[in-house]
Structure formats: C-alpha cells, structure tokens
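Throughout, a chain's letter reflects where its sequence line sits, starting with A, and its residues are numbered from 1.
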Protein chains: 2
Amino acid sequence: MPEHPTGHRPTLEAVAARAGVSRATVSRVVNGGAGVRQLVADKVREAVAELGYVPNPAARTLVTRRTGAVAVIIAEPEVRIFSDPFFSQQVRGISKELNAHDTQLVLLLVEGPEDYERIARYLAGGHVDGALAFSLHADDPLPAIATRIGLPTVYGGRPAWTPAPGGPAGVTYVDADNRGGARLAVRHLADRGRTRIAHIAGPGDMTSATDRLDGYRDALPPACPPMVAEGDYTVEGGARAMADLLERHPELDAVFAASDQMAVGALRVLRERARRVPQDVALVGFDDMRSVAECADPPLTTVHQDIEGMGRMMARLLLGALDRDRGGILAPTSLITPTRLVRRDSA
Amino acid sequence: MPEHPTGHRPTLEAVAARAGVSRATVSRVVNGGAGVRQLVADKVREAVAELGYVPNPAARTLVTRRTGAVAVIIAEPEVRIFSDPFFSQQVRGISKELNAHDTQLVLLLVEGPEDYERIARYLAGGHVDGALAFSLHADDPLPAIATRIGLPTVYGGRPAWTPAPGGPAGVTYVDADNRGGARLAVRHLADRGRTRIAHIAGPGDMTSATDRLDGYRDALPPACPPMVAEGDYTVEGGARAMADLLERHPELDAVFAASDQMAVGALRVLRERARRVPQDVALVGFDDMRSVAECADPPLTTVHQDIEGMGRMMARLLLGALDRDRGGILAPTSLITPTRLVRRDSA
DNA sequence: CGCGGCCCGGAGAGCGCTCCCGCAACAACG
DNA sequence: CGTTGTTGCGGGAGCGCTCTCCGGGCCGCG
C-alpha cells in the first residue's frame, strides 16, 4: 500500500484521472458502486488501490452532515470510576457495537461542573451524530443540553428525573433491573432463614441506589423491620455503613449491600467485630464485579447484571435511530435488562 | 442561547451579515480576534451570541488539515481490561490534559487481530492528528501502521521491540520505572530478613513483566536462588503460579508478585495452604491498585506508580509535537516515571 | 498640505467531497 | 422510424470555513 507521510494525499480527482473517469463515478464506486458498470467499477477500484486513496472524512462530513461518530459521556466522581471496572465493561460493549457499524467513539469525561460548558459547545458543534450518557444525577445539566441541541441521546441507567421503570419514560435509557435484583437478593436471604435483614444503600441521588432500596423494601419479610444505612458505593463507605448498622442494630443476621465494593467494606468491619460470614451474618452484594466478588473472603454471593450487554444495547438503540431515514428520531423507550443471583459463599 | 434543533445552523456568512462585516472578519474574531478593532470585534461577538453560532468543525478541518482530535488505542485482551482499572486511570490522565488543550479523545478498542485493518484505515483517513497507543506486544502491527502513515504516536509502556530503558529509543514512550520498582520490592523483603524470595512474573511478552523480572534478579540477595513462576497478570494466573511455586519451592518465605491482582491470587492459595501472611510468607505486589491492594486481607504492601500522571505525560508529549510549528516531529524520547514502595501489612 | 507606511477589513479562491441534473447511448414500443 | 424510457456517466454547484492577497483609510512626518 502506498504511503503519503507528508506529501498530500490523493484526492477523488486524482483517482478519477488515473481511472479515466469523472469524480462522480469514483465517488459512486467508493460509496457502494450502485449504477456503475462492473468493468468501470473494477478500473476505479484498481486506481484506488494503486494510489492508496482514502476518502477525506472532513470533506464528506461537510456535505453529508453526518460525522460517523458518537459521543460517550461519563460524568462520575473519580472515586468510583477508579475503583470500578464498570465503565470499562460498558464502554467495551458500546465499542463492539459501534465498530460493527463503522462508527467512532469519542470519549467525553466530565471532571467537574465547569466542564459542562465545554461539552455543550462540543455537542453543539456537530462533531457527533448522537450521544450515550452515563450515570446522571438529579441536577445534571446534560439532558437539557442534549434536548436543546436536538442531539439523539441514549442514557445508561435510569436518569433521576425519570419516573420509576414501567412508567412513561420521556427519554430513552437502558438499565439493569435493579429493583428486581434487589428483591432476588433479599428473598434469598429470607429463604435461608434470616429474619433481621439490613441494607447498605447507595447514594440517595442515584436511581440505581434508590431502585435497589425499593427492591429491598419490596421483598423484606413483614416481620422484619427495615434497617438501612447509606454508603456511597465505595469500600470505605460500605465499612462506615456496616459499623453504623452494627451499632444501631446489633441483632441483625443478614446484610444486603447495594454494591460489591460496599459489601467488601462490610466484610472487613464484620471480621473486625468477630462476626462470622455467613454463619453469624449472611451477606449479599450487587453488581457481580468478578475481580471484587470472587476475590473477597469469603467469595461474595451477589446479583449479576450484564454490563457489557447494556452498553451494547445502548449503542444499538442509538444507531437504530441514526440510521432510520437519518431522522434521528429516538422513540422514548426504557430497556430493562434482567439480573440474576450468583451464589457463592457469603450467603 | 438560541437553539437550532432541525433548521440549519447559522454560518459565518449569517453572523457577518448580522454584524455588518465580512466573513473574514468574523473568522478572525472567532479565532482569537487579532488584527480587529475592539469595537468591531465586540459587534461580531454580539452577533455570534445572538445567533448562537458555533463553527462547523468539518469545514474548518477541511482547510486547516487539523482535526483537533487524537486517537487512544487500547489493545488488550478482555481479561485484563475488565478486572483492572489501570486503563480507566490512564485514560483519565490523558483526558484531563487533552481537555486543557481543546483536543478530543477518540477511543479505539482493539477486540481482535482483524480489527487492525479497520484501525489502519481510520488512522490513514486523517480523522486524528496523532495517537496514543497502549500495551503493545512484540508482534503488534500498530507501530508499523503509524510510521507508514506518518502519524505522530506516543506509546504507553515500553514497546517490546524497543531496547531496555536507557538505550536509544527510536520511538517516544512513557513508562513507569518497572525495574527500579521491582528492586525496591525485593530489597524491602530482603531487609525484613527474608532469604527465600520467589517471584510471580507477568506474561513474558510484555515489557512491564520482563522489566520487573529483571529488577527482581537485580536485587535478589546472592545467597537466594531465583524462583520464578509465570502468571498472566490475573487473579487466577497468580493463584496458579503461587501453587506452582509452593510445590517446587515449599521452603520459600517471601513472594514478590508483578501485579496486585496476582498477589491477591497468591494470597488465596497461601491461605488455603495455611501459610500465614506476612508471618510465614511475606508478600509484595505491584501497581498499587487501591481497590485491590487496600481491600486485600491483609492489605497489600505494593509498588506504587503514578498511572494518571503517565497518561498525562503521554498526552503532553503528543500535544507538544502537534503544536510545534505543526510539524508533528516527535523526538524519540523515553520518559520513565518513578515508583515507590507503599508499606501496608503483607510484608 | 502632500506622501509613504501601517493597520484594518473585504473579496475571492479554494479545501475534497456529494449530489442533483443533464446528456448521451441504447432498448423497447407504437 | 420517431418517441419515450432506462441506464451510465460527467459537469458543476456548493457544503462552511480559512487565508492570502489587496485596497482604502488614517496617521505621522516632511
């Protein structure tokens, strides 16, 4: 393949000259070749190969008004993105789906509130055809930006301003069945004879946390009083919440933690307080982060969700809207993926 | 701010008309405003604000031949990217630096060998001004592609075909002082009176692993015979390697694992075999992945490296070359960032 | 009061591509 | 044999921007 390190790259014009046809014909061949005789098309393709022609995306975008790229926007405090391969997995799912459709992934990491102006400018600039946005807190300015600009956007995780799953959505999002998963966890604990089941909840401004809390309340046996402490999805937060729970409710015999990270923190505190897991206190996590759940001691019973699949679904939804007659109409649907319990040793 | 959900966005022309000046003047103002009187510039800026004008990046790229974007290429088997927040951190460092220079981050995940053709096409297409590439194995086709195209590229981690650090580089890369860090770890174990120090190495085709192995050999006390088993940087691999070591060298009293993940695997096996850590066997990891090292039982003594800083440096190096008279000349330099020992309880 | 220099702003030529339209050439039909 | 339809290809306009000229005003200085 020829190279063009510094000298200008060949243009359509050059290919046309070489193949003895017009620019338009080369363009047709490059874009699928409909309406061109086999003979001519082959000649063009040969010229393309000889010159090492690659279309200039900027020129193409200028006229087609499509960029072939979507933004992935991740707004998450450092603490979580660091300790948690959640986004890596989700992004990988997205990437796989986008690759299959020759679409590029532009990563926008939100470091702080001041970044939103930059991101708004970027999205308004028409750099991308659509966006995938993650983990929005209640007051996140992003949705407003996206709708103002009219950018097709799919959300990962139920956005905070959205009614609980099942209700009318207003936006398109993909989420795990957090509530159902929490029910699974609590029911499992109850089935194992536990009657004092506590909950370590996630941050109250995140729907994944509140949905899991709702699931806990749903499945709690009538005789068992709700016992809840709030963590922040981190190991430290889980430890603090566990200590708090033990102080307030020393009689507890089971804990459902809203994340594996918090479960690990709880595990540490339980060990310090000489409560055996699962004999004295049974423990169930959430997320099934393998590197965390499997390596814990004892390995964590937890609720599994298909993270990569969720990423894939998000991308698929967006690409569908982008393809469909280029309208970018995104039917407001919520797609809830199932969760399941993975039994290990902690409960 | 006005919106333009569907109707066409305002162009330079429109702004010019509104401000009563020419296109060229508006362009000057938008790009810094040098050579324009204050009065006129203000008028233009007002028109820009009123119309909600945002420059069309495609049109700009078409003439300037700069995209304002760089590719981040991550080629790593799933197993590692999943379990390991390493890339999240590195990418975050890169993102911070790029944001500060109004440059976009296009993420290219390599899923398999067949993806390289797609990536080559993408890079050749001139979508990006430069690239940052990670964790290249010896036979990785990427460097060849990058040089053929003439794309300024900075590598993360010493590429396999490159001579050991210190020698002439040939390419630009940023890496942690793996060898020095390994020396630190082994020396620490020796200082604590250990005389039978084994090593769980990473995959032999990765320079981070071989450099750490070299450091282990450097610092091993003369009286201590080398005892090495190879893992693959995963928990499971670490467990297998530990089992192997215990079988071959039951007399060992210390282990230096080339990653925290593998150290956790080793920890599990040691516990199963009723060897106390650190009393019977002292253990040191590498990477200082906080979520892993801190949550292990006992918390891991490990070698810390500034991962986010490395990402930052990579971006800074690339941006420097991109700025410098737009030549994109990248002086082949290797930048080695220091490591340090973090003492916790495992050694 | 005149002239050279300087600074500000405008006109216009593209960047490389797509796509609409129009013109051939040929088949089919009355 | 003229007319219409069909298919294959070329011409040309234009996407929205930057940047190189170039001209016109205004200053200072002689």
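Comparing B/Val40 and A/Thr11 by the nucleotide of DNA chain C whose heavy atom lies nearest to each, the residue mapping closer to the 5' end is B/Val40.
Per the geometry, OH belonging to B/Tyr53 stands 7 Å off C1' belonging to D/dG16, to the nearest Å. Nucleotide D/dG16 holds its P atom 20 Å from the CZ atom of B/Arg65, rounded to whole Å. In this structure, B/Glu13 atom CD and C/dG12 atom C1' are separated by 12 Å, rounded to whole Å. If you measure from atom CG of B/Leu62 to atom C1' of D/dC15, you get 9 Å, rounded to the nearest angstrom. Between the CG atom of A/Leu12 and the C1' atom of D/dG11 there is a distance of 15 Å, rounded to whole Å. Atom pair B/Leu39:CG and C/dC7:C1' shows a separation of 16 Å (rounding to whole Å applied). When the C1' atom of D/dC17 is taken as reference, atom CZ of B/Arg9 falls 12 Å away, rounded to whole Å. With rounding to whole Å, B/Arg60 atom CZ is found 9 Å from D/dC19 atom P.
Salt bridge present: A/Glu97 and A/Arg316 bring a charged side-chain N and a carboxylate O closer than 4.0 Å. Residues B/Arg18 and B/Glu46 are not paired through a salt bridge, judged by the lack of any N-O separation under 4.0 Å between the basic side chain and the carboxylate. Ion pairing between B/Arg23 and B/Glu13 holds under the 4.0 Å rule for side-chain N and carboxylate O.
Contact check for B/Val128 versus B/Leu123: side-chain heavy atoms found under the 4.5 Å cut-off.
Inspection of the B/Asp140 and B/Tyr116 side chains reveals an N or O donor paired with an N or O acceptor under 3.5 Å.
Distance from the side chain of A/Asn56 is smallest to C/dG16 among C/dT18, D/dC17, C/dG16. Set against D/dC17, C/dC17, D/dC19, the side chain of B/Thr64 has D/dC19 as its closest nucleotide. Here the nucleotide nearest the side chain of A/Arg37, chosen from C/dG16, D/dC9, D/dC17, is D/dC9. Across D/dC17, D/dG16, C/dG16, the shortest atom-to-atom separation from the side chain of B/Pro55 is found for D/dC17.
Between A/Ile94 and A/Gly311, the shortest heavy-atom distance links the atoms CG1-O, 3.3 Å.
The line from OG1 of B/Thr153 to CD1 of B/Ile145 is 10.0 Å long, rounded to the nearest 0.5 Å.
Scanning residues 21-29 of chain A for heavy-atom distances under 4.0 Å to DNA chain C yields A/Arg23, A/Ala24, A/Ser27.
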